[in-house]
S.K.: 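Quick one: this structure, given as structure tokens, is what I'll be asking you about.
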2 protein chains.
Amino acid sequence: MYNQETAKIVIIEDDETIRDGYAYLINHTSVYKVVSTYPSFDVAKHKIVKDAPDVIILDIQLPGTSGIDALPVLKKLLPKTYIIMLTVYETEKMILDALANGASGYFTKNTSPAKIIEAIKEVMQGGGPMSPDVAKKVIMSLQKNQDSPLTKRETQILELIARGKDRSQIANELFIEIETVKTHVKNIYIKLNVNSKADAIKVAKANKLI
Amino acid sequence: MYNQETAKIVIIEDDETIRDGYAYLINHTSVYKVVSTYPSFDVAKHKIVKDAPDVIILDIQLPGTSGIDALPVLKKLLPKTYIIMLTVYETEKMILDALANGASGYFTKNTSPAKIIEAIKEVMQGGGPMSPDVAKKVIMSLQKNQDSPLTKRETQILELIARGKDRSQIANELFIEIETVKTHVKNIYIKLNVNSKADAIKVAKANKLI
DNA sequence: TAAAAAATACCCCTTTAAGGGTGATTTTTT
DNA sequence: AAAAAATCACCCTTAAAGGGGTATTTTTTA
């Protein structure tokens, strides 16, 4: 594992006040060492491999290449480095994109430096820290609509359809006849006001029915 | 919104030591009030509506009805109540199931009472608290495999297939011919060693390629 | 306990999609 | 310049999708 005593941090953040503030606080109130700070990814990319950081604190709103676009590149340059995202915005899409692309943690900028230092510690220990507002959005993205127009069986069948299964596979899996599956599918289409698998999946996902 | 001063908590947990311990600490070191504690859901279900709790702390490993099974019932009985799950285990499936079924937060039992009190506060303010190890698992479930055998285009097409789109819809969306889509699909099948949409989706999801 | 909702199953029908084989060109990356 | 990725086209057969209608049994709820 890593040696926490010497863990190296790099901060990529365009706002000089925030950048220097975090750097100062990490250096003076924690065991971690900020080895470099950069105002943009485009400046950082040529030097960051030499820094060999254990953790990168990456702002999303950067001039030039955005933090989101920088993420996959950084993961390729430094596969073992943990990346904690920082942002002022917190749209569900942005958060999910960042996490899907390899971010280890995600914080909004109203997060105190103490929490960020705690997050560095957590990330070094294999955790996945995020601020409560971010966690809320992630949880919401996992939650299903409580008052679905679909019955349990219909929801179950629609989920199987969404996994690419055809009628006969669904029938086999649920120990019912193909014709029964067909009837359920027809009722699903009527309830969702669609007339194809693709549209049913689209509507169901938009309304978090599946 | 809720009045934080009088927020009512119910604890459902079979271990008496843990149950009383959390209750004592919440009552004596926070502004929240534990109005009832129960050793199982089966005992709680008849009385909990009268308790009208703002937050329920729900153990997963309960005698009789498990916390996972109790979750949808509780959501129906008390739709506006926040539920924080507690567990000793932390399998990805269990966590995702709990969150998908309406849990507001998720903690493992090595979590300090202070963190639980903080979690109650966060949940009352609309946050979605979870312990770092849980957050890690949630993040992992969102992350894609970095070294996929599929090309970008193939991944993109497989994602559209997984959304139930057929060849012609994919062709339209990507501004390419149906025949090209077909070729990509054939190459996907060869790379994943499958010969159907359903199997391709299954293998791809198992390996987090999509 | 009676009514309503959900789940089950079968018949008709037509159109469309899926999957496999083979070969080839162009574009992009390395 | 070579390799990888993306593009397109023709052959073929079988399987699936979607729309229509009807009807029974089981489960849930009022």
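Numbers restart at 1 for each chain; the letters A, B, ... are given by sequence-line order, proteins then strands.
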S.K.: Taking A/K8's backbone N and O only, do any of them form a donor-acceptor pair with A/D54's side chain (distance below 3.5 Å, no angle check)?
M.R.: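 Such a contact is found between A/D54 side chain and A/K8 backbone.
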S.K.: Between A/E159 and A/K144, is there a salt bridge with N-O shorter than 4.0 Å?
M.R.: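 Yes.
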S.K.: With a cut-off of less than 4.0 Å, is there a side-chain N or O of A/Y189 near OP1 or OP2 of D/dG18?
M.R.: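 Answer yes for this pair, as a side-chain N or O of A/Y189 is under 4.0 Å from OP1 or OP2.
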S.K.: With the sugar-phosphate defined as primed atoms, P, OP1 and OP2, and the base as all remaining atoms, what B/S/- string results for nucleotides 6-11 of chain D, 5' to 3', for protein heavy atoms under 4.0 Å?
M.R.: SBBBBB
S.K.: Is the closest basic N to carboxylate O distance between A/K109 and A/D59 below 4.0 Å?
M.R.: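 Salt bridge flag = yes for A/D59 with A/K109.
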S.K.: What is the distance, to the nearest angstrom, from the CD1 atom on B/I161 to the C1' atom on D/dA17?
M.R.: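 Answer to the nearest Å: 16 Å.
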S.K.: Flag the pair B/D133 and B/K137 as a salt bridge only when some basic side-chain nitrogen lies within less than 4.0 angstrom of an acidic carboxylate oxygen.
M.R.: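 No, B/D133 and B/K137 are not salt-bridged.
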S.K.: Do A/E90 and A/F107 make a side-chain contact, defined as non-hydrogen atoms from C-beta onward lying under 4.5 Å apart?
M.R.: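 Side chain of A/E90 against side chain of A/F107, heavy atoms only: no contact under 4.5 Å found.
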S.K.: In whole Å, what is the span from the CD1 atom of A/I190 to the P atom of D/dG19?
M.R.: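 Roughly 9 Å, once rounded to whole Å.
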S.K.: What is the first contacted nucleotide of DNA chain C and what is the last, in 5' to 3' order, if contact means an atom lying under 4.0 angstrom from a heavy atom of chain A?
M.R.: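 Contact boundaries, 5' end first: C/dA6 to C/dC12.
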S.K.: What pair of heavy atoms forms the shortest contact from B/A204 to B/L192, and how long is it?
M.R.: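 Heavy atoms only, the tightest pair is CB-CD1, 4.4 Å.
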S.K.: Looking at B/E92 and B/K208, is any side-chain nitrogen of the basic one under 4.0 Å from a carboxylate oxygen of the acidic one?
M.R.: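 Yes.
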S.K.: With respect to the phosphate group of D/dG18, does any side-chain polar atom (N or O) of A/K197 fall under 4.0 Å of OP1 or OP2?
M.R.: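 For D/dG18, OP1/OP2 do not have a side-chain N/O of A/K197 under 4.0 Å.
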S.K.: For residues A/V123 and A/P129, report the shortest heavy-atom separation together with the two atoms involved.
M.R.: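 Closest approach of A/V123 to A/P129: CG2-CD, 3.9 Å.
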